[in-house]
S.K.: 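I have a structure I would like to understand better, so I am pasting it below and will then ask my questions one at a time.
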Amino acid sequence: MPEQRTPPAPDPRERSATVRRLAELVAAASDGAVTAEEALAAQVPLAALGFTSLAQMRLIDAVEAEFGIEFDLSAAGAAALNDLDALERHLAGAR
């Protein structure tokens with residue numbers, strides 16, 4: 001059986017401005033427990049890096065304030081809080 005390899009982390013310089021800003025908001029919401037660089041490079045859910053439920057609530061507040069949206073707390077919205085790309089897609093759908 002061939003060895004499975006984990007795909008390399010995306011280069012943070014190639015991420016959209018929105019995703020980079022969301023990573024900064026993750027760092028602020030977690031009081032630095034998860035850095036923006038860690039969030040951008042994550043290959044696991046943010047919760048696995050130490051992004052707590054309290055940090056998620058802070059992130060929701062920050063996203064709502066910065067992007068002028070009301071965050072959808074449905075199952076899809078809650079799932080988006082663990083992945084920057086999913087969060088960006090969720091944000092785009094809320095605009």
Side-chain angles (χ1 to χ4, degrees):
M1 183 170 172
E3 180 182 334
Q4 290 185 342
R5 295 179 186 232
T6 304
D11 186 337
R13 295 169 295 188
E14 295 177 8
R15 306 296 287 273
S16 75
T18 301
V19 169
R20 290 192 311 271
R21 180 62 185 139
L22 290 170
E24 292 169 356
L25 293 175
V26 163
S30 69
D31 291 328
V34 178
T35 67
E37 294 78 18
E38 289 172 325
L40 287 167
Q43 295 291 306
V44 296
L46 294 174
L49 300 176
F51 196 66
T52 66
S53 57
L54 177 59
Q56 287 180 338
M57 298 312 299
R58 290 177 180 165
L59 179 60
I60 289 170
D61 288 342
V63 167
E64 288 179 339
E66 180 147 335
F67 295 97
I69 60 130
E70 185 171 323
F71 199 88
D72 175 14
L73 290 177
S74 67
L81 294 170
N82 257 326
D83 177 276
L84 291 178
D85 293 319
L87 184 54
E88 179 186 39
R89 288 188 301 274
H90 187 78
L91 179 62
R95 292 184 187 175

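For this chain, numbers begin at 1 and follow the sequence in order. Being a predicted model, the structure only gives us computed values, none of them experimental.
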S.K.: Of the options Leu87, Leu46, Val44, which is the one that meets Asn82 in a side-chain contact (heavy atoms from CB on, under 4.5 Å)?
M.R.: Leu46
S.K.: Mind checking the CG-CZ spacing from Leu81 to Phe51? Nearest 0.5 Å is all I need.
M.R.: 7.0 Å
S.K.: Give a yes or no on whether Leu84 and Ile69 share a hydrophobic cluster (residues Ile, Leu, Val, Met, Phe, Trp, Tyr; joining criterion: side-chain heavy atoms under 4.5 Å apart).
M.R.: yes
S.K.: Mind checking salt bridge (charged side-chain N to carboxylate O under 4.0 Å, His left out) for Arg21 and listing every partner two or more places apart, or none if nothing turns up?
M.R.: Glu24, Glu66
S.K.: In chain order, what residues pass the side-chain hydrogen bond (donor to acceptor under 3.5 Å, both in side chains) check against Ser74, with sequence neighbours excluded?
M.R.: Asp72
S.K.: Examine distances only and state if a side-chain atom of Glu64 and a backbone atom of Phe71 form a donor-acceptor pair shorter than 3.5 Å.
M.R.: yes
S.K.: When you measure from the side chain of Arg20 to the backbone of Arg15, do you find a donor-acceptor pair of N or O atoms at a distance under 3.5 Å?
M.R.: yes
S.K.: How far does CG of Asp85 sit from OG1 of Thr18, to the nearest 0.5 angstrom?
M.R.: 11.0 Å
S.K.: By side chain to side chain contact (heavy atoms under 4.5 Å, CB included), which residues pair with Ala62, not counting sequence neighbours?
M.R.: Leu25
S.K.: Should Met57 and Val26 be counted in the same cluster of Ile, Leu, Val, Met, Phe, Trp and Tyr side chains packed under 4.5 Å apart?
M.R.: yes
S.K.: How close do Ser30 and Val34 get, heavy atom to heavy atom, and via which atoms?
M.R.: OG-N, 3.1 Å
S.K.: Starting at CD1 of Ile60, measure out to CD of Glu70 and round the result to the nearest 0.5 Å.
M.R.: 11.0 Å
